[in-house]
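This report concerns only the one structure given below.
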Amino acid sequence: MLLTLDKIGDYIGCTAIHHPKLSRAYLQAAFTFDLWYKQVHRIRALSRSKQYLKCICEKNIIKALACPEKSVMVSLFVPCEPLIAMGLNGFGVESFSSYISGAHAQQAFLEKAESTGIPETMCSYHKVFLGAAQLGVMPKPRYIIHTNIACDANQITFRELAESFSVPHFKIDVPYRQSEEAAVYVAGQLRAMTGFIEDQEHRTLSDDMLRETVARTARTAANYDRLLTLSADKYLAGDLTAELQATFISHMLLGTKEAEKYTDMAVTEIQKQPSKKGINILWLHTIPYRSPHIGRRLSNNPDIHITACDMSYESLIPVDTGTPYESMARRLVYSPFNGPIERRIETALQKAAQIHADGIVYFCHWGCKATLGGAAIVKRELEAEGYPVLVLDGDACDPRNTSEGQITTRMDAFIELLEQHTACPWAVRR
């Protein structure tokens with residue numbers, strides 16, 4: 001199967017060089033067929049909620065390819081409720097590039113970006129995204145909205161793409177320091193963002209529609225937080241891809257009916273599961289879902305699995321539906337990815353306690369300078385609180401930058417350590 005997928009990916013990549021629109025059609029057809037299969041066939045290894053999650057995430061990418069006139073390019077942390085309220089589809093760097101990489105078609109896009117002067121050390125998600133645009137595989141979006149959180153590559157990618165596509169773009173500047181004054185400042189920018197969207201769409205966003213969308217955000221966030229609490233001693237079957245796709249729920253799809261439905265389904269399902277304390281792992285940063293060994297060890301495994309990931313829970317900030325712009329602004333300002341690394345550590349400790357984590361994996365994704373720079377501090381502080389920590393180097397999007405042999409050795413040793421610790425319940429902090 002892997003050989004077949006590699007061949008398909010290579011063919012799509014080769015086609016992109018000379019026939020980009022045909023390559024786009026191949027990708028759209030492949031994702032559409034995959035979506036149809038998931039909608040029609042019951043995947044036994046997945047809970048029903050996580051199978052539904054996979055479907056709604058894939059729809060987001062298909063819309064970006066098939067309906068660019070209704071799609072807006074966004075960075076991961078952009079509050080998409082105003083777009084959702086106006087019936088638009090926000091799609092992001094990490095999500096789009098993950099699907100390209102999942103189709104094993106990333107190589108041609110990486111090489112194209114690097115050939116135009118994009119440094120090899122830049123985040124591979126952004127390089128795939130840029131390469132897809134430069135080759136003409138990515139369709140022209142209506143416009144672009146981005147923030148300065150949390151990736152410095154944002155400053156390059158979205159400016160470059162706005163110029164390349166000749167489309168309007170809007171930047172949300174989030175102050176580094178977390179304060180209510182900063183939240184008020186960002187709320188003003190989000191109101192300006194809505195004005196920008198209204199100008200582009202030639203229609204007005206209803207206040208009632210925005211409040212209704214933000215109310216769904218509040219219910220979705222509450223459901224997701226409840227799901228994490230229940231996950232401390234119950235297991236909901238899923239694989240690495242499903243854990244990564246939960247990022248859609250807390251970002252591009254946050255505020256949609258589909259995201260709320262997923263969290264409703266997941267909470268209902270997990271409540272019916274028997275209590276069984278497997279080894280719970282808190283994962284920090286993106287998940288290398290293409291790693292065969294990590295997939296074998298942590299996918300569909302009630303005995304040891306990823307229970308929470310900070311890329312998904314980072315937006316669980318209290319919501320006041322009466323003040324939608326201020327609530328969306330606080331989600332940006334008080335994100336653990338904004339400000340000093342101590343904020344991320346503090347939030348990680350809170351979630352580790354909530355899910356009864358037995359160990360923590362800190363994944364240093366290729367090109368992510370903020371994550372790489374904080375590795376030693378994060379490991380020291382989390383271990384001081386009694387949690388075993390594995391700092392793992394790799395690339396979640398470009399397999400060339402990952403040593404599978406090293407990952408296998410280090411992951412197996414870490415799992416063995418966790419098994420020894422959980423044999424002595426007092427050895428790990430609860």
Side-chain angles (χ1 to χ4, degrees), residues 74-83 90 92 145-155 158 169-197 205 207 210-211 213-215 217-222 224-225 228 247 250-252 254-255 284-285 308-354 362 368-375 377-378 380-382 384-385:
V74 298
S75 62
L76 183 63
F77 294 86
V78 168
C80 287
E81 285 92 337
L83 295 172
I145 303 175
H146 68 101
T147 76
N148 57 329
I149 302 178
C151 178
D152 55 357
N154 285 346
Q155 312 309 314
F158 294 100
H169 77 285
F170 187 94
K171 178 183 175 182
I172 305 165
D173 175 54
V174 182
Y176 183 78
R177 295 187 179 278
Q178 298 172 327
S179 66
E180 281 304 295
E181 290 78 8
V184 170
Y185 168 72
V186 174
Q189 290 188 72
L190 295 180
R191 288 186 173 89
M193 179 187 79
T194 296
F196 168 80
I197 296 170
L205 172 60
D207 289 341
L210 179 60
R211 288 194 185 94
T213 305
V214 173
T217 290
R219 294 192 296 269
T220 301
Y224 198 80
D225 190 55
L228 292 181
T247 305
S250 55
H251 294 91
M252 291 79 65
L254 186 60
L284 303 182
H285 208 46
C309 174
D310 68 346
M311 296 291 290
S312 300
Y313 66 62
E314 67 84 22
S315 61
L316 300 183
I317 306 295
V319 176
D320 179 359
T321 56
T323 55
Y325 289 104
E326 287 72 16
S327 291
M328 290 186 289
R330 290 190 188 97
R331 197 163 79 226
L332 290 172
V333 172
Y334 292 104
S335 166
F337 283 80
N338 184 44
I341 194 67
E342 286 75 17
R343 283 284 299 139
R344 200 168 174 186
I345 294 169
E346 178 186 344
T347 308
L349 287 171
Q350 293 170 357
K351 294 304 174 185
Q354 182 179 1
Y362 187 85
C368 185
K369 298 179 181 63
T371 300
L372 291 166
I377 300 172
V378 171
R380 182 190 69 210
E381 295 300 318
L382 296 181
E385 294 295 324

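- Here the straight-line distance linking atom CZ of Arg344 with atom OG of Ser335 works out to 9.0 Å at 0.5 Å rounding.
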- Please report the C-alpha distance between Asp310 and Thr347 in whole Å, then the side-chain angles of each, then the deciding distance to 0.1 Å, and finally whether the side chain to side chain contact (heavy atoms under 4.5 Å, CB included) criterion is met. CA-CA 9 Å; Asp310 68 346; Thr347 308; over 6 Å; no
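- Distance alone, capped at 3.5 Å, places no donor-acceptor pair between the Glu81 side chain and the Arg211 backbone.
- For the atom pair CZ (Arg191) and CD (Glu326), the distance works out to 4.5 Å, reported to the nearest 0.5 Å.
- The minimum heavy-atom distance linking Pro82 with Met193 is given by the pair CG-CE, 3.7 Å.
- Under the 3.5 Å distance criterion, the side-chain polar atoms of Asp173 are left unmatched by any main-chain donor or acceptor of Asn148.
- Checking side-chain atoms of Arg343 against main-chain N and O of Tyr334 turns up a donor-acceptor pair under 3.5 Å.
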List the steps, then state whether side chain to side chain donor-acceptor pair (under 3.5 Å) holds for Glu314 with His251. CA-CA 9 Å; Glu314 67 84 22; His251 294 91; 2.5 Å; yes
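- For the pair Ser312 and Ser315, the tightest heavy-atom approach, listed with the atom from each and the gap, is O-OG, 4.1 Å.
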Query - Stepwise side chain to side chain contact (heavy atoms under 4.5 Å, CB included) check, Met328 with Leu254 - result: CA-CA 11 Å; Met328 290 186 289; Leu254 186 60; over 6 Å; no
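- Residues Gly255 and Thr217 approach most closely at CA-OG1, 3.3 Å, considering heavy atoms.
- Between the Thr321 side chain and the Ala215 main chain, no donor and acceptor come within less than 3.5 Å of each other.
- Nearest heavy atoms, Leu284 versus Ala348: CD2-CB, 4.1 Å.
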Quick one, Leu76 with Thr247, criterion side chain to side chain contact (heavy atoms under 4.5 Å, CB included). Give me CA distance, side-chain angles, the key distance, then yes/no. CA-CA 9 Å; Leu76 183 63; Thr247 305; 3.8 Å; yes
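- In this structure, Asn338 and Val174 approach most closely via the heavy-atom pair ND2-CG1, 3.7 Å.
- Counting only distance, with no hydrogens or angles, the side chain of Ser75 and the backbone of Thr147 share a donor-acceptor pair below 3.5 Å.
- Side-chain N/O atoms of Gln155 and Lys171 include a donor and acceptor closer than 3.5 Å.
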Original post:
Where do Glu342 and Glu346 land on the side chain to side chain contact (heavy atoms under 4.5 Å, CB included) test, with the steps shown first?
Top reply: CA-CA 6 Å; Glu342 286 75 17; Glu346 178 186 344; over 6 Å; no
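- In terms of modelled atom types and a separation under 3.5 Å, the side chain of Gln354 and the main chain of Asp225 share a donor-acceptor contact.
- Judged by distance alone, the side chain of Ser327 and the main-chain N or O of Thr323 form a donor-acceptor pair under 3.5 Å.
- A ring-centre distance under 6.0 Å is not found for Tyr362 and His285.
- Contact check for Tyr185 versus Gln189: side-chain heavy atoms found under the 4.5 Å cut-off.
- Between Ala182 and Pro175 the shortest heavy-atom distance is CB-CG, 3.9 Å.
- Ring planes of Phe77 and Phe337: tilted class, angle from 30 to 60°.
- With rounding to the nearest 0.5 angstrom, the OG1 atom of Thr194 is 6.5 Å from the CG atom of Leu210.
- How far CD1 of Ile197 is from CZ of Phe170: 8.5 Å, rounded to the nearest 0.5 Å.
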